[in-house]
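Here's the structure, in structure tokens; my notes come after.
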Amino acid sequence: MGTEGSFESLLRWAADHGISDSVDKQSSHSCLGRSLCVCFFPDAGGRGLGAVRHLTKGELVLKVPKSVLLTTQSLSLQDEKLSMALKRYPSLSSTQKLTFCLLYEIGKGSSSWWFPYFKHLPTTYETLATFGEFEKQALQVDYALWEAEKAASKSHTEWRGVKGLMEESNIKNQLQTFKAWLWASATISSRALYVPWDEAGCLCPVGDLFNYAAPEGESLDIMDVSSFSQHASLNGNITTDGLHKEEQDTQRALTDGGFEENVSAYCFYARESYKRGEQVLLSYGTYSNLELLQYYGFLLQENPNDRVFIPLEHEIYSSSSWPKESLFIHQNGNPSFALLSALRLWATHPNKRRGVGHLAYAGSQLSVKNEVLVMQWLSKNCHAVLNNLPTSVEEDNQLLCNICKIQDLQGPTELGKMLLTVGGEFCAFLETYGLVNREETELHLTGKIKRSLERWKLAVQWRILYKKALVDCTSYCTRTTCSLSS
Ligand SMILES: C[S@@+](CC[C@H](N)C(=O)[O-])C[C@H]1O[C@@H](n2cnc3c(N)ncnc32)[C@H](O)[C@@H]1O
């Protein structure tokens, strides 16, 4: 069941340094085997951790001592030169520091204490910041494109801010490039865990092999904590600045692991009971699909916390006090609590809004006429958005199917045949990657093209889910209107 063979050196190193999946004393050849093992789950995150026996909900399944956590602090304590260099750049953000520290430490090669851990880090990522122009455009929806632009330009600005420090520290030229920076920031973004002493979090060997499951239970809707917080790290959208006490408690309840001062270790607990062989998952926090793409480079076909947005007129925002981020449509097509409430108020005459405000904010319908107006407006606008997008859900599904087929192709002959049959957006892709008018012998998918196909696929999957939510929202509106008129 496990794929531990290639991990042997990492798991031995981890055991030697006190990482353990058991409360009993562990044999020294592996830190796993009593509760967990490394496995491959093709449909849910690839490499991950599986249960080697029945695990009971709430049970401690992995413990990683503080001494093994890679943080800016732990690296600086080991390396006086690094510590002095960082002091000369006090204005860098904690994430810039940790990203730099990771590259600096990797530059030490096999003499780094963390070398056995580094060897198993992914070589590429699919986070939004890594999307090229073609893949960004494939998202089609303005605000998603905007997020992708922002992510890339933020990475660029952060990299420029660290250039001086990189040059002074004499790290290898190839580790000073933007490409290396993107890799390191995606490593931090997708793998760092929250620690209370550093906003950037920590890298946690073995603990970062848990794949993600969205927090179960009701989607928090109005109290959706992720819209109040910034991404800081895995296992909790942890920047809690500005959160009220209740919101912080809600956040904590969403997590199933954390750093524990009393044992000075990162402890992970089973979020539910697992049968032997099942994948043990961790909730990193509450994320929409666009956020999952942005920080982690994947999305969920079924995400109870997904939120899709449509353009709203200024008057809709101004007629209520709901924050913009709360006015969204759920993945199942239902408008959010706040969106319904805001639309009900907006559809009320301005002179009458004060009088019915308490009802609207409590989530009540204001009148049949008002509700019908709201449904008509919502349905009309979902249709308008869908009609303005360049392709339909059906076309996107066909495209996705073709991308998957191309990803599965074996040789240039098959690829040549396939390329003759596909059209539309594929032509643009082929042109972007210079695959047009090639001799068959030259037709092969390079690593770069394969990575682009993967990102393109994610963009198409994202826009399909976006469009499906709007289609379902129009059905919701029709159903509601019908039930009101009957
Ligand atoms: C903390 S790592 C988890 C271990 C990772 N699979 C590995 O091989 O190292 C987080 C990354 O795993 C992948 N991942 C985690 N959960 C996933 C899921 N439910 N579906 C798809 N990919 C997932 C994403 O690439 C994400 O950035």
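Quick note: residue numbers are just sequence positions, from 1. Note that ligands are numbered from 1 as they come in the structure, with each ligand's atoms numbered from 1 the same way.
Between atom CG of residue Leu75 and atom CG of residue Leu69 there is a gap of 11.0 Å, rounded to the nearest 0.5 Å. Between the CD atom in Glu395 and the NZ atom in Lys467 there is a gap of 8.0 Å [rounded to 0.5 Å]. Put simply, OH on Tyr284 and OH on Tyr212 are 9.0 Å apart, with the number rounded to the nearest 0.5 Å.
Residue Arg47 approaches ligand 1 through these ligand atoms, each under 4.0 Å from one of its heavy atoms: 4 (C), 5 (C), 6 (N), 7 (C), 8 (O), 9 (O). The distance from ligand 1 to the heavy atoms of Tyr296 drops below 4.0 Å at these ligand atoms: 24 (C), 25 (O), 26 (C), 27 (O). Annotation for ligand 1: atoms under 4.0 Å from non-hydrogen atoms of Asn211 are 3 (C), 4 (C), 5 (C), 6 (N), 12 (O), 13 (C), 14 (N), 15 (C), 16 (N). Each of the following atoms of ligand 1 lies closer than 4.0 Å to a heavy atom of Leu209: 4 (C), 9 (O).
The side chain of Phe298, and not its backbone, has at least one atom closer than 4.0 Å to an atom of ligand 1 (non-hydrogen atoms only; side chain from C-beta on). Neither the backbone nor the side chain of Tyr125 has any atom closer than 4.0 Å to an atom of ligand 1 (non-hydrogen atoms only).
Ligand 1 lies nowhere less than 4.0 angstrom from a heavy atom belonging to Tyr295.
Proximity annotation for atom 10 (C) of ligand 1: of Tyr212, Phe210, Tyr284, Tyr284 comes nearest, heavy atoms only.
Inspection of the Gln398 and Glu394 side chains reveals no N or O donor paired with an N or O acceptor under 3.5 Å.
Counting only heavy atoms from C-beta outward, the side chains of Leu139 and Leu128 approach each other to under 4.5 Å.
Between Leu300 and ligand 1, no N or O atom pair is found at a separation short of 3.5 Å. At a 3.5 angstrom cut-off on N or O pairs, Asp208 does not count as close to ligand 1.
Checked against Trp13 for a ring-ring contact (aromatic ring centres under 6.0 Å, His included), the options Phe118, Trp113, Phe115 give a single hit: Trp113.
Using a 30° and 60° split on the angle between ring planes, Phe429 and Phe426 fall in the perpendicular class, above 60°.
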